[in-house]
Structures are given as structure tokens and as C-alpha cells.
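Let me begin by presenting the structure, written as C-alpha cells, before commenting on it.
All figures in this text were calculated on a predicted structure; none of them were measured in a lab. Reminder, nothing fancy here: chain letters follow the sequence lines and each chain counts from 1.
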Amino acid sequence: MFFYLLRRLGLLIPTFFGVTIAAFSFIRLLPGDPVLLMAGERGLTPERHAALMRQFGFDRPLWQQFLDYVGGILQGDLGNSLVTKNPVLQEFFALFPATLELSLAAIVFASVLGVTAGVIAAVRRGSWFDQTVMGTALVGYSMPIFWWGLLLIILFSGILGWTPVSGRMSLMYFFPEVTGFMLIDSLLSGQDGAFISALSHLILPTIVLGTIPLAVVARQTRSAMLEVLGEDYVRTARAKGLAPARIIGIHALRNALVPVITTIGLQVGVLLGGAILTETIFSWPGIGKWMVDSIFRRDYPAVQGGLLLIAAIVMTVNLLVDLLYGLVNPKIRHTGG
Amino acid sequence: MSDITSAEPIDSRDAGRLALLAEFWRYFSENRGAVIGLCFFSLIVLLAVFADLIAPYGPTEQFRDAFLAPPVWQEGGDWRFILGTDAVGRDMLSRLIYGSRFSLFVGVIVVSLSLFVGIIIGMIAGYAGGWLDTAVMRVMDIILAFPSLLLALALVAILGPSLINAMIAIAIVQQPHYVRLTRAAVMGEKSKDYVTAARVAGVRPLRLMFITILPNCLSPLIVQAALSFSTAILDAAALGFLGMGAQPPTPEWGTMLAEAREFILRAWWVVTFPGVAILLTVLAINLMGDGLRDALDPKLRRS
């Protein structure tokens, strides 16, 4: 296991280095002069332009700029946003809890519902329930989630008036940020209705973001369960006369969950991509919306830093999923060293 | 190995081909969903091809007497505009019909582009092995480390927002999947006897790669192509929705949704129909993709 971990880390470092180069090249590939873009409509005198080029280090050779950039990353410095002038890292982590809360809610929603539906569908294979679940899953998998979000807003916010249209919290409430998770912070604040407000803001974005992972998890759980239910040891357990609930819940599910956990873990990239659309629709103040806004504002340091951090998160989670897979799957644990 | 394609590595006889095709169709048609998907997809292809004949009006034709006219079955509806009109008085139905052209175009171009590039890169990496393989796979890992929509969005920001650039960006984001699949298949095939025999017989590397080995690696690639056809349509619509894909007044479905956003609480039809069109098209393709997978890849066949 230790060597497996080392090998995985060994693979990760060159990839991360590559990601750094990619993010660095990104800002240089963009059309236009970064200093002119910063100046915007006002324009610059040639002297001021040269001074700014020097100040930001754009006049130096590319390799030197790259070394500075890497040096900065190692010290946790990703540059400053052109728009707010704040450090990119600080902006990112100020908004990150919002995305994390939404993503966690979506993954819990997708896992709980998806595993349950998948298991029941597999056990009652061929029944109307199975066919409905699989049909719905295929529709969910094909869903343009930005449109799905708009539909839910029309229905639940427009017609029924049950949920708010956008944001994380009603303006009526104000409380200090402790964890950055509205659900927890609103509870800690002890204000009446604050938690309900946070929950009602969270529910639609969660459904929208969780839809595709839900479909994937349900399909994967069903096929993993079907495979396991056909194995000899399940037949043996049946022959021994064990209660069906025990066979399904303990013997089968435990093994079927191995590929499902991997699937859930691999949804992180999907979630962060989906967060871009979901946060835009619901004006959710997270990193997805921040990235889109930064791209539109041509805030290159923010885009560059954001890409780097998001890639780092995806890679870290993928590594953790692999390790978890090694832990729950004895085959890998033994042969993988 | 009862893989249909590798059972008879290269068979130039017509009879053999027909038999393979018949077997493929037998498995494919067993899947009811796949056949429904195929029918619906054919319908969309027909709509796209004959849009000029079928659509009642041009996609950008404005009717100044009918802004946001509701669909015909709703109060105030007009038989001239069966699915209603949008905020500047354009017929929804006509725009949706013309829009099918863009979605299919996106799918075809993105899949061809990423398939073509992916096969070449994957073939070379898998066949050559060694440092070249390692280097190529690291680059693919780097691309895959970014969420695909985010990377596509960033690439479009570099290239400039337009439908063509959106397609290029999506193709770049998708091709690592083809590289990986091709490479894995090639590595599995290249040590087999028929390849060794061909090499000993003096077949040159290029011919060996693309004529001898490639036909036996196609099954997973075809399945992936079907699945990424639908992903390409979804991503292009998402980019259009974010304002980074096709630009107004193009009747691209995602772009139409973006234009309709401000009317969501006033005119449900301008928001609902483009989304339904995207959903049904993608669903049809995914149904077909499932059928293709069942028919082409016995190992993945759903139990």
C-alpha cells in the first residue's frame, strides 16, 4: 500500500507540473497585451505602458517569468486579481466553501438516492420499478442541466413560490461566517428561520447539480449489484437460508459498492464543471460563477489561478478515490504492493 | 474471445461483411430503446436536411405584430405560430427546426475531429511505446485534470466566442478519451500473432498500424463516438448558453435559451422548447449509444 501510494504520488507530480505550464501558457496565449487590457478603455502613454510591463515582469524572458510564477505558487502566491486587486488565492478560498457546500449536498443527494434506486432496481430486475428507474436515469444522464435549472425555477419559484430564485441566504439574516457552510452557520447563529432560509436556497441548486451524478450512480449501482447477485457466494448465502435483506444489505451491497465508490469519486470533475452552470443560473456565489465572471471580465490572473487550483482539487480527489479503492478492494491491496 | 470483430481479423469478402452486419443488426434491434432512438435521430436528421422545406418561416424572420405570442393551444395562441414566438417576434418552431442543423453539425465535426486526432495520437503512442508513450499520456492526463466544460470555456476565451471555436475547444477536450481507448486497444492487439505475422512478412509500420491493427480496435471507439456525440451537443449548448458558443441571432438551441433567460417567468415556451429539443436529441443519441455498445462489445453487454 505504501509503495502504491508513492507510485501514485510520483505520477502526480509531473502531471501537476504540466498543469502549471498549461495554466501559465494560458495567459500568454490570450490575444492582446495584458497591460493594455488592464488599462481598459482609458488607454496608456508609451512610458506608462513600459513601466507597467516592467512592474508586472512582462518584459523579461519567458523562462524567467515562468520560474517566478512557479516560485510564487510554491509560496502560495498566485498573483492578484486585476479587478479587485486582492490575492487570487484569498478570493478563491473565500468563495470555495459555497461551491463545496453545494457539491457535497449534490453528491449526498446523488449517492443516497442513486444507490437506493440502483439496489432496488437490481433486486427487482425487469419490474416496472426497474424500467422506470433506468428510463429516468437515461433521461437524467441526457439532461442539459442549465435548462433543467431554469425549468425548476419556473415551477418552484415562479408558479408555486416555494423557493427563492437565487443566492445562498435571505437578506433578512446576517450572521458571522464560521465554517463557510450556510447550513451550519445559520444553525450556529441561532436565528429563527435562518436555517430554513439556507436550506430553501440550497435545494434547487442541489437537485440541478446532482442530476447527472444521480443518473450515473443509479446505473452503476444497478449493474454492479446484478453482477454480484449472480456470484456463487450470494447463491451459497441464499442456500444457507439467510434472510434476503441480510444477503442484499451485507453480502452483496458491500462488494457492489466498490465500483460505485469509484464512480462517485470520479464525479468530482463533473460536479466542478456542472457548478459553472448551476452557480450561474442560481447566482450562487461560488468558484464556478467566479470563474465565468473572471473569464468574461478578462481577469487573467484569476482565471489562471482558478484553473490551477481546480485542477489540483480534481487531481487530489482522484488520488484519494484511488487510495480508497485500494483500501476497500483487497485484490488491489495485495497485488498492488 | 467471441468478439465479433476480432473473430475474423480482416475479411474482405462481401458475404462475411454482410453476415457481420446482420449479426450487428440482430443485437442492435433487440434493444427497443436503441431502435426508438435511431428512429427519432433519423427524424432530426431529416428535419435538419430539409429545414428549408419544412420550417414555416426563416429562422431570423421577424413578425412585428406578434412578440412573445404563446403556443397555439394556449389562450391568445395563433395558428400561424404553432409553438409561439420569441421576444422579437420570430417563430419558435422554425428556429427549432433550423437549430437542429447546428446541433448535428457540432456533433459530427467534434466527433470526427477528436476521433481523427485521437486515433492517430493513440495509435502512435500505443505502437511506439517507451518515452513517446509516456510523454503523450502525461499530456492527456494534464488535459483530463481540468473539468471538461471549464477547459472548453477557457479555450473559447482564448480563441474568441463563436460556434466554430466552441467546436474546436470541445474537440480538444474530448480527444484524450479516444487517445486512451486507441492506445489500450493497440497495446492489446500488437502482440497478437496476426500482427507478428504481418510484421515478419515485411509490412511497414504505417500500414501495420492503420490497416492491420486499427480495424480490430474500432468497437470501443465507435461506442465512445456515439456517447461523445451527445456530450458534444450538450457542451456546445452549454457554451452557447454562457454566451461563449454560437452568437445571436443564430438559432442554436443553447444560445436561444440564453436569450430567453430574462423571460422565464413571463413566457414559459421560449425557455421550455429549446431545452426539450436538446434533451430529446441527446436522449435519442444516448439510447442509440447503449444499443451500439450492446451490439458491438459483448464484454460490456448489459446483463
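A:I287 has its side chain out of reach of A:L309: every pair of non-hydrogen atoms, C-beta onward, lies at least 4.5 Å apart. Side-chain contact between B:L239 and B:I170 is present, with at least one heavy-atom pair separated by less than 4.5 Å. In this structure, A:D130 and A:R222 have side chains that are in contact, with non-hydrogen atoms separated by less than 4.5 Å. Residues B:V270 and B:M92 form a side-chain contact, since some pair of their non-hydrogen atoms from C-beta on lies under 4.5 Å apart. When side chains are defined from C-beta on, A:Q304 counts as touching A:Y69, because their heavy atoms get closer than 4.5 Å. You'll find the side chain of B:F40 stays beyond 4.5 Å of the side chain of B:L287, heavy atoms only. Put simply, the side chain of B:I121 does not reach to within 4.5 Å of the side chain of B:Y178, judged on heavy atoms. Within the 4.5 Å cutoff, side-chain heavy atoms of A:S103 are placed close to those of A:T99.
The nearest pair of heavy atoms linking B:P161 to B:Q247 is CB-NE2, 3.5 Å. When all heavy atoms are compared, the tightest approach of B:A226 to B:L292 is CB-CD1, 3.7 Å. For the residue pair A:V88 and A:G305, the shortest heavy atom distance occurs at CG1-CA, 4.1 Å. In plain terms, the two heavy atoms of B:S228 and B:V111 that are nearest each other are OG-CG2, 3.9 Å. Contact detail for B:L163 and B:F102: the closest heavy-atom pair is CD2-CD2, 3.5 Å. The two residues B:S114 and B:A171 have their closest heavy-atom pair at CB-O, 3.6 Å.
Proximity to chain B among residues 140-149 of chain A is limited to A:Y141, A:S142, A:M143, A:P144, A:F146, A:W147, judged by heavy-atom separations below 4.5 angstrom. By a heavy-atom distance cut of under 4.5 Å, A:I153, A:I154, A:G158 are the residues of residues 152-159 of chain A near chain B, going up by number. Contacts of residues 255-263 of chain B with chain A at a heavy-atom distance below 4.5 Å involve B:L257, B:R261, listed in sequence order. The contact list for residues 134-147 of chain B toward chain A, using heavy atoms and a distance under 4.5 Å, reads B:R138, B:D141, B:I142, B:A145, B:F146, B:P147 by residue number.
Of the listed residues (A:I281, A:I21, A:V303), the one with the most heavy-atom contacts under 4.5 Å to chain B is A:I281. Between chain A and the options B:L155, B:L283, B:L149, heavy-atom pairs under 4.5 Å are most frequent for B:L283. Among the candidates B:V156, B:L151, B:V276, B:T281, the residue making the largest number of heavy-atom pairs closer than 4.5 Å to chain A is B:V276. With chain B as the partner, the residue from A:V292, A:L151, A:V139 showing the most heavy-atom pairs under 4.5 Å is A:V139. With chain B as the partner, the residue from A:I310, A:V314, A:L307 showing the most heavy-atom pairs under 4.5 Å is A:L307. Contact count versus chain B (heavy atoms, under 4.5 Å) is highest, among A:V268, A:I276, A:V270, for A:I276. Highest contact tally toward chain B, considering only A:N318, A:L272, A:T280, is held by A:T280 [criterion: heavy-atom pairs under 4.5 Å].
A donor-acceptor pair under 3.5 Å is formed between the side chain of A:R235 and the backbone N or O of A:G230. Between the side chain of A:W284 and the backbone N or O of A:A98 there is at least one donor-acceptor pair closer than 3.5 Å. Under the 3.5 Å distance criterion, the side-chain polar atoms of A:D299 are left unmatched by any main-chain donor or acceptor of A:S81. In this structure a side-chain-to-backbone donor-acceptor pair under 3.5 Å is missing from A:W290 to A:F96. No side-chain donor-acceptor contact under 3.5 Å links B:Q175 to the backbone of B:V117.
Neither the backbone nor the side chain of B:S230 comes within less than 4.5 Å of any heavy atom of chain A. When heavy atoms are compared at a cutoff of 4.5 Å, A:I313 does not approach chain B at all. With a threshold of 4.5 angstrom between heavy atoms, A:L138 approaches chain B through its backbone and through its side chain.
Checked against the 6.0 Å centroid threshold, B:F273 and B:W268 count as a close aromatic pair.
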Stepwise, does the side chain to side chain contact (heavy atoms under 4.5 Å, CB included) test hold for A:S283 with A:K289?
CA-CA 7 Å; A:S283 303; A:K289 187 171 184 310; 4.3 Å; yes
